[in-house]
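The sequence lines fix the lettering, A, B, ..., with proteins before strands; numbering per chain opens at 1.
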Number of protein chains: 2
Amino acid sequence: MTDYITLLKNNDLKATIQRTSILKSIDQAGHINIDEIYEDVREQHPTLSLATIYKNIILMQQNNIIIEVPMNGEKSKYELKKDDHIHLICQNCGKIQDAQLSPRTQETLIIENFTLRNAQINLYGYCQVCHTN
Amino acid sequence: MTDYITLLKNNDLKATIQRTSILKSIDQAGHINIDEIYEDVREQHPTLSLATIYKNIILMQQNNIIIEVPMNGEKSKYELKKDDHIHLICQNCGKIQDAQLSPRTQETLIIENFTLRNAQINLYGYCQVCHTN
DNA sequence: CTTCATGCAAATAATTTGCAGTAAG
DNA sequence: CTTACTGCAAATTATTTGCATGAAG
């Protein structure tokens with residue numbers, strides 16, 4: 001269980017209810033977009049505004065607490081910053097699973113004349129449940 | 001040189017000036033967003049409207065003529081449909097280069113319990129020019 | 001000719017901003 | 001206490017829609 005308050009303070013951000021709620025929502029969902037966060041946090045904090053979510057999503061990205069996952073044909077989702085990993089996105093049910101970025105894959109991504117800093121890998125296909133149905 | 005008219009007709013789309021202009025703009029740029037397409041095509045066709053671009057981008061995506069490339073923190077870009085490839089995105093100058101998706105990389109992406117249909121790989125880092133400066 | 005595409009203007013959705021009041025440290 | 005954060009309303013930007021006119025086949 002991540003300690004959201006510490007996470008914020010380590011980045012010199014005040015630990016407000018709004019911020020910990022947003023982080024909790026992202027953490028629990030795994031991958032979630034702005035509107036879904038809004039719906040989610042409103043259950044506990046009905047006055048929490050969309051503007052606050054927008055402002056904080058930007059701020060937390062800048063502080064590298066959360067990461068944007070841009071999606072094909074829909075709004076970006078956000079996830080807590082974790083070790084490098086790849087996304088398995090089910091084209092049927094929409095579920096996103098995280099998977100390891102294997103050392104073998106990493107090796108194959110070393111490319112001439114390009115200094116790699118960060119690999120963003122999204123695999124689209126069918127998850128086990130949708131595949132077998 | 002791709003023949004835009006044939007490309008459109010093969011998909012039962014009328015080959016209008018607007019559509020061929022949009023395709024030409026995308027083709028020449030390699031990767032380009034809606035606003036940039038608009039600026040670009042207006043040079044030759046000042047009456048071509050943004051609404052037409054939006055409508056056609058959607059249509060051409062549905063017909064698999066063009067592909068959306070969602071970007072971190074900015075509007076999606078579009079490219080002509082090509083064989084699978086990966087993107088090398090320079091975090092300094094923003095340039096996007098295409099690179100081969102090597103057979104070795106492909107092999108390493110075979111993952112248990114997931115039926116892969118399409119791999120979207122964006123590598124962020126520094127291109128040769130920006131790296132050496 | 002017939003059908004479908006375009007361009008415009010209006011509608012809607014998404015995101016950002018400014019600022020007075022409020023809470024964190 | 002002081003500074004930074006929030007919520008609201010307004011502003012801005014992005015995208016979609018309806019419809020009369022025009023062009024493609």
(Q) Applying a 4.0 Å non-hydrogen cut-off, can you work out what Ile57(A) is touching in the nucleic acid: base, sugar-phosphate, or nothing? (A) nothing

Q: Indicate, yes or no, whether a donor-acceptor pair under 3.5 Å links the base of dG25(C) to the side chain of Lys9(A).
A: no

Q) How close or far is atom P of dA14(C) from atom CD of Glu68(A), stated in whole angstroms? A) 16 Å

Q. Which two nucleotides bound the region of DNA chain D that has atoms under 4.0 Å from heavy atoms of chain B, read 5' to 3'?
A. dA14(D) to dG25(D)

(Q) Go nucleotide by nucleotide along DNA chain C from the 5' end; which of Arg42(B) and Leu13(B) gets its closest nucleotide reached first? (A) Leu13(B)

Q. Expressed in angstrom and rounded to an integer, what is the separation of Asn56(B) atom CG from dA5(C) atom P?
A. 8 Å

(Q) In this structure, would Leu8(A) and Tyr78(A) fall into the same cluster of hydrophobic residues linked by side-chain contacts under 4.5 Å? (A) yes

Q: Would you mind telling me which residue lines up with the more 5' stretch of DNA chain C, Ile17(B) or Thr16(A), judged by nearest nucleotide?
A: Ile17(B)

Q. Can you tell which of dG18(C), dG7(C), dT6(C) lies closest to the side chain of Leu48(B)?
A. dG7(C)

Q) Taking atom P of dC4(C) as reference, at what distance in whole Å does atom CG of Asn63(B) sit? A) 14 Å

Q: Report the distance from atom OH of Tyr54(A) to atom P of dG18(C), rounded to the nearest whole Å.
A: 18 Å

Q | Residue whose nearest DNA chain D nucleotide is more 5′ - Ala51(B) or Ala15(B) | A | Ala51(B)

Q: Starting from P on dT22(C), measure out to CZ on Arg19(A) and report it in whole angstrom.
A: 19 Å

**Q.** Candidate pair Ile89(B) and Asn72(B), rule side chain to side chain contact (heavy atoms under 4.5 Å, CB included), full reasoning
**A.** CA-CA 11 Å; Ile89(B) 304 168; Asn72(B) 250 286; over 6 Å; no

Q) So, does Asn33(A) use its side chain to make a donor-acceptor pair with the main chain of Asp35(A) at under 3.5 Å? A) yes

(Q) Output the rounded distance in Å from NE2 (His45(B)) to P (dG7(C)). (A) 10 Å

Q: Nearest whole angstrom, please: distance from the C1' of dG7(C) to the CD1 of Ile53(B).
A: 12 Å

**Q.** Below 4.0 Å: OP1/OP2 of dT15(C) and any side-chain N or O of Lys75(A)
**A.** yes

Q: May I ask you to check whether Arg19(B) and Tyr4(B) show a side-chain donor-acceptor distance below 3.5 Å?
A: no

Q) So does Gln18(A) get a side-chain nitrogen or oxygen closer than 4.0 Å to the phosphate oxygens (OP1/OP2) of dA23(C)? A) no

Q. Under 3.5 Å, is there an N or O donor on one side and an acceptor on the other linking the side chain of Lys14(B) and the base of dT3(C)?
A. yes

Q | Nearest-Å distance for atom pair CG/P, residues Asp12(B) and dC4(C) | A | 11 Å

Q: Please report the closest heavy-atom contact between Tyr38(B) and Leu50(B), naming both atoms and the distance.
A: CE1-N, 3.6 Å

Q. What pair of heavy atoms forms the shortest contact from Ala119(A) to Leu123(B), and how long is it?
A. CB-CD2, 3.6 Å

Q: Could you pull out the closest heavy-atom pair between Gly73(A) and Glu68(B), with the gap in Å?
A: N-OE1, 2.8 Å

